[in-house]
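These notes are about the structure you will find just below.
So you know, we letter chains A, B, ... as the sequences are listed, proteins then strands, and number each from 1. We use all heavy atoms of the structure for the numbers below, so side chains are in, but hydrogens, waters and symmetry mates are not.
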4 protein chains.
Amino acid sequence: MTRNKLKEAAMRLFGEKGYDGTALSEIAKEVGVKTPAIYAFYENKEDLFMTVFREAMDAYNSYVQELSEGREKLGVRESLYGILNRQYEFYRECPEASKIVLRYMVFPPSFLKDTIEEAFLHSDQLLTKLVGAWMVRGMEEGVIREQKVQPLVDSFLNVMDGLSIQYFYYSSKEVYERKLNHVFETFWNGVRS
Amino acid sequence: MTRNKLKEAAMRLFGEKGYDGTALSEIAKEVGVKTPAIYAFYENKEDLFMTVFREAMDAYNSYVQELSEGREKLGVRESLYGILNRQYEFYRECPEASKIVLRYMVFPPSFLKDTIEEAFLHSDQLLTKLVGAWMVRGMEEGVIREQKVQPLVDSFLNVMDGLSIQYFYYSSKEVYERKLNHVFETFWNGVRS
Amino acid sequence: MTRNKLKEAAMRLFGEKGYDGTALSEIAKEVGVKTPAIYAFYENKEDLFMTVFREAMDAYNSYVQELSEGREKLGVRESLYGILNRQYEFYRECPEASKIVLRYMVFPPSFLKDTIEEAFLHSDQLLTKLVGAWMVRGMEEGVIREQKVQPLVDSFLNVMDGLSIQYFYYSSKEVYERKLNHVFETFWNGVRS
Amino acid sequence: MTRNKLKEAAMRLFGEKGYDGTALSEIAKEVGVKTPAIYAFYENKEDLFMTVFREAMDAYNSYVQELSEGREKLGVRESLYGILNRQYEFYRECPEASKIVLRYMVFPPSFLKDTIEEAFLHSDQLLTKLVGAWMVRGMEEGVIREQKVQPLVDSFLNVMDGLSIQYFYYSSKEVYERKLNHVFETFWNGVRS
DNA sequence: AATGAATGAGACTTCATTCAT
DNA sequence: TATGAATGAAGTCTCATTCAT
């Protein structure tokens, strides 16, 4: 119980204020417990952070994973748009986890650089493979103009990254949704037959 | 002299390890000076940080500003591509400043949130206006398909944001340049007549 | 059962790392039990320590006591040598207890100073009386040169103390046994008729 | 100034209550300074301890060293007795240093075991050589009975070790001096021609 | 008899900051 | 301009101890 509340408080605070900017005492206070209680559940601050980080990554990967499931009946266009939408959903449903993922992907605390890079490599490959498959299928179905796969994947992933920044930068729902649509429209225009 | 060396060291360290992750003593040591010397030039840590941040923003804005100058003779396509290239140049030439800009745009230390948001609003507007102008011109010249300006601008800025993440995430020059080209190609395909 | 295992682990650890240098958690872990379990058997750290210390002292005193028993048939020289040997035996057979005895005889934790001094006074008197008796008998039998008893006792006890340091300082069996013999030989030479 | 007062306070406290039993705050308070001030002069607790320990060892070694100087005109008996006396002087003049030396020779804090053993090896060899030389000279002069050197050295060093324990165990001057004389008398009786 | 959860006290240490020099 | 000395505040972490279970 407390263990989980600690994890959640930590997730929120590490995401919002960063590793160095978050004191264990804040996390404890949020849960209504004194600081040393944390050590009953986690070895130390690093351990708590890594637990939180791993959970955030797992949540993110789950979302990514899901993308590949049960979409066979959908058209390619809808599926790609669905990916962006799913990402958006993830941001809204797990704002804490997604903040963690974005923050530490770009700015890992130096002492965890390696561990973190490895974690990202994994989900990156997953996503690359998935998006690639859709592009191939799009070309096979003739809805995407015949071309190499790499440029298509690069472009799509770049769209995703761009949107992730936009999401955290502009807090407005309306603005984000407008951008999401505009951006996808342009992308699709750029690749369709 | 020392004032400047301090600013530079601070820029690098704040960019790399963040505000909370950087101790004044590290900055001082890097310059070969003892910590209290910092107070001869800056009021306190916040002041030093804000100085550094403002300088980084200024450098960024200068680059952005330059984009609008002396490019009248170039075609629209070349100009837009040029913007991405210029951004890339900025990253390479001022890696410290650009790291600062990216980091604190997305993750401002809470106590500076307002100041920082204001700063970004400014450069955002600048960029929006600039890109918008090129899009309009592109349509006037007939190289960009007739449509509303907003989607064009949204898409292009998203491309820029995406690339900025890519730059800091993948450290390899080759990979980045490949992506830059792929991404622009797709974008251009999506908007050209 | 657990009570005893705790006592033994405590004896070893208190002897090796001292009172302040030993955490209850270490003692518990050694026994395969959680820290609070200790409180089922001992009131607190001090109580556990005192129990351990008393046991060590008792073991030491038993050895000393034994020295006076059943040695009537032996000669004085053999008996005195036997005392040193018995001490040596004690060190080897109860290394933990003897470490405790030595450590806290010389360096009592301040809060137990009085209790400990009292304990030592007792065994000191025991030993003094015992060694004194042998010296007297030695003189009666004519194997020890006629003189006052005090110098004889002082010298012999000093030999014992010296050897105790040597034992813990040099860990090698051979070196210790060599020293034991050399030291006794010189002592005996110094007192015999 | 403060640096030195800290060292002295630390020497006294580490000697009296041990490494783990002494809090930096106590040392600071003794000097009339707040705890963090210590870090202006010493890297950390270990550093302060090692500094203190090294100083104590140096003081001890100086005393030992002196023993070999300017005693050529004295007889062997007087010189050996002088060594014991010198040791006694050291204990009285530098009670803190000597307490440190004795305590950590027999009970080194585990994390410094190696460093400390090395330090003792050095002074041990010094003393062995010195005492050995006197024994040889005693035999040459005919005042010491002809025999191997090792037993003589072993016995004498054992006398010294025994006295060191006695010194710290019995705090009384009279008792110690009585013992010192008795013990030396017996020793000399045991080795003289 | 034993443990999980929790805590108060306090340890070591870092850091931003001040001040006299 | 620069530093050595010092400190208050705070941070991470350990430890002995308690209590409900």
### Query
When you measure from the side chain of B/Tyr42 to the backbone N and O of B/Leu6, does any donor-acceptor pair fall under 3.5 Å?
no
### Query
Is there a donor-acceptor contact under 3.5 Å from the side chain of C/Thr22 to the main chain of C/Leu13?
yes
### Protein-nucleotide distance (D/Ile38, atom CD1; F/dG4, atom C1'), rounded to Å
17 Å
### Task
Check the distance between E/dC15's P and B/Lys29's NZ and give it to me in whole angstrom.
10 Å
## Note on the structure
A/Tyr42 atom OH is separated from F/dT14 atom P, nearest whole Å, by 17 Å
#### Entry: B/Lys5 NZ to F/dT1 P, straight-line distance once rounded to whole Å
14 Å
### Task
Sugar-phosphate atoms are those with a prime plus P, OP1 and OP2; base atoms are the rest. Using that split, label each nucleotide of nucleotides 16-21 of chain E B, S or - for protein heavy atoms under 4.0 Å, 5' to 3'.
SBB---
### pair B/Tyr60-B/Ser123: side-chain heavy atoms closer than 4.5 Å
yes
### Query
E/dT3 C1' sits how many Å from A/Phe41 CZ, rounded?
13 Å
### Task
For DNA chain F, list all stems, counting runs of three or more consecutive pairs where every pair is Watson-Crick or G-U wobble with both distances under 3.5 Å.
E:2-21 with F:2-21
### Query
Closer to the 5' end of DNA chain E via nearest nucleotide, is it A/Arg3 or C/Arg3?
C/Arg3
### Task
May I ask you to test the C/Phe107-D/Leu102 pair for a side-chain heavy-atom distance under 4.5 Å?
yes
### Query
Closer to the 5' end of DNA chain F via nearest nucleotide, is it B/Lys34 or A/Glu26?
B/Lys34
### Message
By the definition ring-ring contact (aromatic ring centres under 6.0 Å, His included), identify the one residue from B/Phe53, B/Phe49, B/Tyr104 that meets it with B/Phe14.
### Response
B/Phe49
### Cation-pi check, D/Arg103 onto D/Tyr19 ring (under 6.0 Å, within 45° of axis)
no
### Message
Without decimals, in angstroms, what is the distance between A/Phe49 CZ and F/dT12 C1'?
### Response
17 Å
#### Entry: Pair listing, salt bridge (Lys or Arg N to Asp or Glu O under 4.0 Å) test, anchored in residues 45-56 of chain C, at least two apart
C/Lys7-C/Glu55
### Task
Figure out the CG/P separation between B/Asn4 and F/dT1, and round it to whole Å.
13 Å
### Query
Are C/Glu117 and C/Pro108 close enough that some pair of their side-chain heavy atoms sits under 4.5 Å apart?
no
### Message
Please check this pair: side chain of B/Glu26 against backbone of B/Ala23, looking for a donor-acceptor N/O pair closer than 3.5 Å.
### Response
yes
